Number of protein chains: 2
Amino acid sequence: MEDQTFRDFFLGFIKIHILYHASREPVYGQEFADELRRHGYTVSFGTLYPIFHRLQQKGFLIVTHKNIKGKIRKYYTITREGKKILKEAKRKAAELVDELHEN
Amino acid sequence: MEDQTFRDFFLGFIKIHILYHASREPVYGQEFADELRRHGYTVSFGTLYPIFHRLQQKGFLIVTHKNIKGKIRKYYTITREGKKILKEAKRKAAELVDELHEN
DNA sequence: TATATTGATATCAAATTCCGATATCGATAT
DNA sequence: ATATCGATATCGGAATTTGATATCAATATA
């Protein structure tokens with residue numbers, strides 16, 4: 001179960017995942033797609049890269065280029081602003097889970 | 001803190017909230033907007049109503065019209081299909097929260 | 001009888017986002 | 001030269017989001 005009729009439910013989750021990982025260590029797109037797949041999310045690069053770009057453009061991530069064996073990788077790291085959103089996301093996600101488990 | 005630079009992070013949360021409430025009792029738009037506001041989400045009716053419509057169209061909700069003191073209300077209730085998504089959402093949300101709280 | 005009010009849903013057009021497919025990039029291997 | 005490899009970028013069509021505005025049906029009021 002994971003298809004196009006309800007992917008939009010989880011796009012926010014994916015964005016939060018990105019912020020979280022980028023708060024722990026620099027992340028780049030290709031690797032992150034695998035990480036997401038491991039968590040059961042499927043997302044194409046046509047979706048993923050623009051998300052990275054927007055998060056950067058909005059000031060939640062910063063990027064550094066790294067040349068790895070001749071391949072350019074763009075590593076993203078969270079910013080102070082990004083951390084604020086992440087914190088808010090943490091709170092809201094916890095609240096959601098609590099509510100979902102009320103009797 | 002809750003503005004248009006990161007609303008998209010939480011639109012999925014809102015949709016899950018809808019499914020959850022519609023699994024407990026019939027819900028309608030106007031009332032639900034208040035409920036969301038209580039939870040710290042701001043969303044206009046131009047966003048909210050189309051979400052209800054799509055959830056219904058995709059078979060996750062069913063609607064019944066009720067005439068309350070002359071005002072028509074559209075009460076939405078979750079379907080079997082909707083419950084499946086809700087269950088999946090519950091699992092994914094819990095997983096997200098767990099991950100966010102890892103050291 | 002008209003019209004204002006009230007609680008509610010519907011829809012519009014512009015902007016943004018999503019998506020799969022396809023292109024591109026830079027270095028190394030053949 | 002060109003094929004391959006790991007990676008990022010972008011295209012155009014579709015779908016979603018948004019604030020603003022319209023509409024609806026009944027009742028209250030003038």
Side-chain angles (χ1 to χ4, degrees), chain A residues 2-19 21-22 26-37 41-77 85, chain B residues 2-19 21-22 26-37 41-77 85:
Chain A
E2 169 71 21
D3 83 69
Q4 60 289 359
T5 55
F6 56 90
R7 263 243 209 58
D8 56 322
F9 277 59
F10 301 116
L11 274 168
F13 286 29
I14 289 173
K15 293 169 189 176
I16 294 167
H17 265 287
I18 292 177
L19 286 189
H21 282 278
V27 296
Y28 66 100
Q30 193 81 232
E31 167 200 59
F32 199 76
D34 297 343
E35 166 72 11
L36 284 175
R37 222 171 301 115
Y41 297 99
T42 56
V43 60
S44 88
F45 289 113
T47 302
L48 192 56
Y49 282 117
I51 289 177
F52 273 104
H53 298 166
R54 281 193 305 272
L55 288 177
Q56 184 207 339
Q57 202 199 324
K58 288 174 181 174
F60 302 149
L61 296 177
I62 47 167
V63 66
T64 57
H65 295 212
K66 223 170 213 171
N67 194 305
I68 305 284
K69 285 196 180 186
K71 310 292 154 39
I72 289 155
R73 280 189 201 162
K74 302 201 170 170
Y75 278 101
Y76 293 89
T77 311
I85 310 301
Chain B
E2 170 71 22
D3 82 68
Q4 61 290 357
T5 56
F6 57 90
R7 260 239 209 54
D8 56 323
F9 277 59
F10 303 116
L11 274 167
F13 285 29
I14 289 173
K15 292 170 187 174
I16 294 167
H17 265 287
I18 292 177
L19 286 188
H21 282 279
V27 295
Y28 66 100
Q30 192 81 231
E31 167 199 59
F32 199 74
D34 296 342
E35 166 73 12
L36 284 175
R37 221 171 302 117
Y41 298 99
T42 57
V43 59
S44 85
F45 289 114
T47 303
L48 192 58
Y49 282 117
I51 289 176
F52 274 104
H53 297 165
R54 281 192 304 275
L55 289 177
Q56 185 207 341
Q57 201 199 325
K58 288 174 180 173
F60 302 148
L61 295 178
I62 45 166
V63 67
T64 57
H65 295 212
K66 222 171 214 171
N67 195 305
I68 304 284
K69 284 195 180 189
K71 310 292 155 39
I72 289 155
R73 282 190 200 161
K74 301 202 171 169
Y75 278 101
Y76 293 89
T77 311
I85 310 301

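Note that the structure is predicted; figures quoted are calculated from it, not measured. A, B, ... follow the sequence lines: proteins, then strands. Residue 1 opens every chain. All heavy atoms count here, side chains included; hydrogens, waters and symmetry mates do not.
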Report task. For A:Asp8 and D:dT18, give me the distance from atom CG to atom C1', rounded to whole Å. Result -> 16 Å
Query raised in the report: CZ of B:Phe10 versus P of D:dT16: gap in Å, rounded?
Result: 21 Å
Report task. Assert yes or no for the condition that the ring centre distance of A:Tyr76 to A:Tyr28 is strictly below 6.0 Å. Result -> no
Requested in this report: Evaluate whether atom NZ of B:Lys66 has more than 12 neighbouring non-hydrogen atoms of other residues, nucleotides or ligands under 6.0 angstrom away.
Outcome: no
Requested in this report: Identify which nucleotide among D:dT8, C:dA27, D:dT16 has an atom closest to any side-chain atom of B:Lys15, counting heavy atoms from C-beta outward.
Outcome: D:dT16
Requested in this report: Check every strand shown and say whether A:Gly46 touches a base, only sugar-phosphate, or nothing at a heavy-atom separation below 4.0 Å.
Outcome: base
Report task. Please state whether the phosphate of C:dC19, meaning OP1 or OP2, lies under 4.0 angstrom from any side-chain nitrogen or oxygen of A:Thr47. Result -> yes
Report summary line: By nearest-heavy-atom nucleotide on DNA chain D, the more 5' of A:Gly70 and A:Pro50 is A:Gly70
Query raised in the report: Rounded to the Å, how far apart are A:Leu55 CG and C:dT17 P?
Result: 10 Å
Report task. Using whole Å, report how far CZ of B:Phe45 lies from P of C:dT6. Result -> 16 Å
Query raised in the report: What nucleotide among C:dG7, C:dT17, D:dA7 has an atom nearest to a side-chain atom of A:Tyr49?
Result: D:dA7
**Report entry** Nearest-nucleotide pick for A:Lys74, side chain only, options being C:dT17, D:dA25, D:dA9
**Finding:** D:dA9
Query raised in the report: What is the distance from atom OG1 of B:Thr5 to atom CZ of A:Arg54, rounded to the nearest 0.5 Å?
Result: 12.5 Å
Report task. Take the protein atom CD1 of A:Ile72 and the nucleotide atom P of C:dT28, then report the distance between them rounded to whole Å. Result -> 12 Å
Query raised in the report: What about A:Phe32 and A:His17, are their ring centers closer than 6.0 Å?
Result: no
**Report entry** A:Ser44 vs C:dG20: side-chain N/O to OP1/OP2 distance below 4.0 Å
**Finding:** yes
Query - First of B:Tyr28 and A:Leu11 reached from the 5' end of DNA chain C, by closest nucleotide - result: B:Tyr28
Query - Length of the line joining A:Ile68:CD1 and D:dT8:P, which is rounded to integer Å - result: 11 Å
Query raised in the report: Reckon A:Lys58 has a side-chain N or O less than 4.0 Å from the OP1 or OP2 of C:dT17?
Result: yes
Query raised in the report: Between A:Arg7 (side chain) and A:Thr42 (backbone), is there a donor-acceptor pair under 3.5 Å?
Result: yes
Query raised in the report: Picking from C:dT17, D:dT18, D:dA26, which would you name as closest to the side chain of A:Arg54?
Result: C:dT17
**Report entry** Of A:Val43 and A:Lys71, the one whose closest DNA chain C nucleotide lies more 5'
**Finding:** A:Val43
Requested in this report: Let me know the distance between CZ of A:Phe52 and P of D:dA9, rounded to the nearest Å.
Outcome: 11 Å
Report task. When you get a sec, tell me which of D:dA25, C:dC19, D:dT18 is the closest nucleotide to the side chain of B:Arg7? Result -> D:dT18
Report task. Round to the nearest Å and state the distance from B:His53 atom NE2 to D:dA15 atom P. Result -> 18 Å
